[in-house]
Amino acid sequence: MKKIASLFLVSVFAGAITLGAYKLFFEKESYKLVTSEEETPFVTTSNLNTSAKGAGINEADFTIAAEKTVNSVVHVKNMTMSSRGPSNIAEFFYGYERKSTPQVGTGSGVIISPDGYIVTNNHVISNSSQLEVVLNNNKSYEAEVIGTDPDSDIALLKIDAEDTLPYLAFGDSDNTKIGEWVLAVGNPFNLTSTVTAGIVSAKARSLSRTGAQSFIQTDAAVNPGNSGGALVNTNGDLIGINTAITSQTGSYIGYAFAVPSNIAKKVVEDIMEFGNVQKGLLGISAANTKSRAAIEMGLDELEGVYVAGVEEESGADEAGLLEGDVIKKVDNIEIVKFSELTGYLSAKRPGDIVQVTLDRDGKSLVKNVTLKKQNSVILPATSFKVKNLSKADMKKFGVSKGVKITDVPESYARYNLVNKVIIALDGDPIENINDAKERFGNLSRYGRTSFTMINENGEKEHMILQ
């Protein structure tokens with residue numbers, strides 16, 4: 001009887017606890033954890049379905065953009081001929097018959113007009129002896145190179161197709177937002193019409209120390225063979241040309257880079273209209289914010305572009321920009337780093353006027369700057385930076401032709417070459433930067449050459465390169 005009574009009491013007690021718990025948690029409407037005087041829920045839950053890429057994944061439809069893009073992206077095959085040397089000691093001593101063997105490289109391209117103009121990367125078609133373009137329907141055409149721009153790594157091709165071709169319209173890459181969904185379409189590893197998805201993970205990304213590049217960075221999978229292919233938004237608008245990956249293995253490891261469509265479009269239009277690229281330059285040199293001197297000055301924490309120098313007779317010079325100014329905005333584009341400045345200006349031409357907002361000693365100023373043609377180049381073989389002579393230079397040095405050295409690599413620093421004027425190469429006069437770039441580009445690596453300079457005292461000097 002005692003055991004039965006004990007069991008009865010335990011059952012009653014357990015039932016009471018269960019009933020109390022039920023009353024507490026289920027019969028009352030709700031309880032909120034309040035963190036302030038207002039009744040604000042401590043945890044809120046969205047009704048939207050989310051994914052690792054962000055919210056609203058089920059609302060994003062890639063099918064229309066993919067269908068529109070795959071038919072406008074082509075397979076580019078680049079055939080080059082390479083000559084082999086002697087393969088053994090006997091061939092070396094007794095002579096050999098030089099043989100040329102074909103090598104085929106592959107990449108992608110994007111049809112941008114119904115009559116067969118195609119944009120791709122310059123490195124996809126460089127040194128080609130024959131170019132073949134294969135459409136998504138497997139039709140094949142021989143392609144002609146209309147023009148190239150190695151600086152932006154953009155090339156323009158043309159095929160003569162009998163039918164009107166599907167094509168992509170250029171979108172406005174300046175309006176592309178970080179976190180926006182994008183598709184990369186191309187032919188990785190010869191796998192034609194491959195579509196991958198990702199987001200824009202950064203803008204104005206530079207892969208060089210100079211910051212002269214300005215790429216769209218994405219985490220859409222891009223591999224060898226994707227170069228020259230399309231980066232499109234969910235509307236199917238072309239916002240970039242896939243160009244590079246960063247990898248220690250040669251294959252995709254999470255980051256890919258595309259030339260923004262505004263830059264690619266401007267390059268294509270320049271090639272079509274002028275036969276070459278028209279670069280509109282501001283006329284400043286920017287401080288390397290990673291250098292020790294810049295870090296000591298606190299420039300590595302600066303938001304904007306620090307003007308380290310202003311080129312004589314440039315648009316910046318004529319508008320009154322000074323060394324020490326900090327560029328904060330160009331037109332309506334906020335400028336935080338140098339690659340943002342170069343990226344925006346890459347879509348401009350000589351003669352265009354841009355509104356530059358700058359900080360000068362804590363005061364905000366606005367200057368209207370007329371962009372001018374390129375006035376300086378880096379010479380092949382030496383990496384000297386030279387510029388065309390100004391009127392003041394011509395008067396000072398007593399010459400009407402030549403190029404002025406404005407910077408040299410560290411290996412030449414001890415020769416005091418800066419501010420001297422090169423007037424001849426191997427005895428032949430040099431007229432301007434284009435002439436100098438072409439002549440220095442043709443120098444043999446194995447021969448000796450000399451160039452003639454005039455120093456600031458009007459004296460001629462000679463330097464021999466070996």
Side-chain angles (χ1 to χ4, degrees), residues 107 109-110 112 118-128 145-157 170 173-174 203-217 227-228 231 240-244 257-286 288 305 311 314-315 330 337-352 354 371-388 403 406-407 409 432-442:
V110 184
I112 56 171
I118 296 169
V119 64
T120 184
N121 286 142
N122 179 66
H123 75 262
V124 169
I125 57 92
S126 62
N127 301 318
S128 62
V145 178
I146 303 300
T148 65
D149 179 39
D151 290 342
S152 63
D153 200 10
I154 292 296
L156 181 65
L157 311 180
F170 283 102
S173 54
D174 285 343
K203 294 179 64 177
R205 178 71 77 201
S206 177
L207 303 182
S208 69
R209 292 183 178 181
T210 62
Q213 300 167 317
S214 184
F215 291 114
I216 295 174
Q217 179 181 317
S227 291
L231 186 72
I241 302 297
N242 296 315
T243 298
F257 305 91
V259 176
S261 59
N262 286 4
I263 296 177
K265 179 184 177 184
K266 189 260 182 183
V267 169
V268 167
E269 290 174 343
D270 281 357
I271 290 173
M272 293 283 289
E273 185 173 352
F274 305 104
N276 54 38
V277 178
Q278 306 291 300
K279 296 181 179 180
L281 302 178
L282 202 61
I284 66 160
S285 58
N288 178 7
V305 173
E311 292 185 14
S314 66
V330 178
K337 53 188 177 180
F338 187 56
S339 59
E340 292 178 337
L341 176 64
T342 57
Y344 182 73
L345 294 180
S346 292
K348 300 294 182 180
R349 294 187 177 88
D352 288 347
V354 294
L371 304 181
K372 293 196 173 185
K373 291 183 178 180
Q374 186 175 20
N375 192 42
S376 63
V377 298
I378 304 295
L379 295 181
T382 63
S383 294
F384 294 172
K385 184 176 182 179
V386 299
K387 75 177 191 69
N388 285 326
V403 293
T406 60
D407 196 14
N432 51 40
I433 58 172
N434 294 328
D435 184 28
K437 187 175 183 179
E438 180 180 359
R439 300 276 300 285
F440 274 79
N442 292 329

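Just so it is clear, the model here is predicted, and its values are computed rather than measured.
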Arg349/Glu269 under side chain to side chain contact (heavy atoms under 4.5 Å, CB included): CA gap, chis, key distance, verdict: CA-CA 11 Å; Arg349 294 187 177 88; Glu269 290 174 343; 3.3 Å; yes
Give every donor-acceptor pair under 3.5 Å between a side-chain atom in residues 374-385 and any protein atom, sequence neighbours left out.
| from | atom 1 | to | atom 2 | distance (Å) |
| --- | --- | --- | --- | --- |
| Gln374 | NE2 | Ser376 | O | 2.9 |
| Asn375 | OD1 | Asn388 | ND2 | 3.4 |
| Thr382 | OG1 | Phe384 | N | 3.2 |

Nearest atoms (heavy-atom pairs only) where Ser346 meets Lys266: O-CD, 3.4 Å
Sub-4.5 Å side-chain heavy-atom contact between Val110 and Thr120: no
With sequence neighbours excluded, residues passing side chain to side chain contact (heavy atoms under 4.5 Å, CB included) with Ala286: Val305, Phe338
Positive for side-chain contact (heavy atoms from CB on, under 4.5 Å) with Leu156, one of Ile112, Ile125, Ile118: Ile112
Spatial distance of atom CG (Leu282) from atom OG (Ser314) [nearest 0.5 Å]: 7.5 Å
Minimum heavy-atom distance Val259-Ala264, with the two atoms named: CG1-N, 4.3 Å
Test item: Val386 and Thr406 side chains (from C-beta on) under 4.5 Å apart, heavy atoms: no
Euclidean distance, Leu345 CG relative to Leu281 CG, rounded to 0.5 Å: 8.5 Å
Charged N-O contact under 4.0 Å between Lys372 and Glu311: no
Shortest non-hydrogen contact between Ser214 and Ala204, atoms and distance: OG-CA, 3.3 Å
Heavy-atom donor-acceptor pair, Ser173 side chain to Asn262 backbone, under 3.5 Å: yes
Contact list for residues 432-441, test side-chain hydrogen bond (donor to acceptor under 3.5 Å, both in side chains), sequence neighbours left out: none
Residue of the set Asn122, Asp270, Ile241 for which side-chain contact (heavy atoms from CB on, under 4.5 Å) holds with Ile154: Ile241
Within-4.5 Å side-chain heavy-atom neighbours: Leu341 and Val330: yes
Contact check, side chains of Ile271 and Asn276, non-hydrogen atoms, under 4.5 Å: no
Straight-line distance of Phe215 CZ to Asp153 CG, nearest 0.5 Å: 7.0 Å
Ile216 side, atom CD1; Lys203 side, atom NZ - distance, nearest 0.5 Å: 7.0 Å
Pairwise distance OG(Ser152) to CD1(Ile263) - rounded to 0.5 angstrom: 7.5 Å
Minimum heavy-atom distance Leu371-Val354, with the two atoms named: CD2-CG2, 4.0 Å
Exceeds 12 heavy-atom contacts within 6.0 angstrom, atom NZ of Lys387: yes
Contact check, side chains of Asp149 and Val267, non-hydrogen atoms, under 4.5 Å: yes
Nearest-0.5 Å distance that lies between atom NE2 in His123 and atom OG1 in Thr243: 7.0 Å
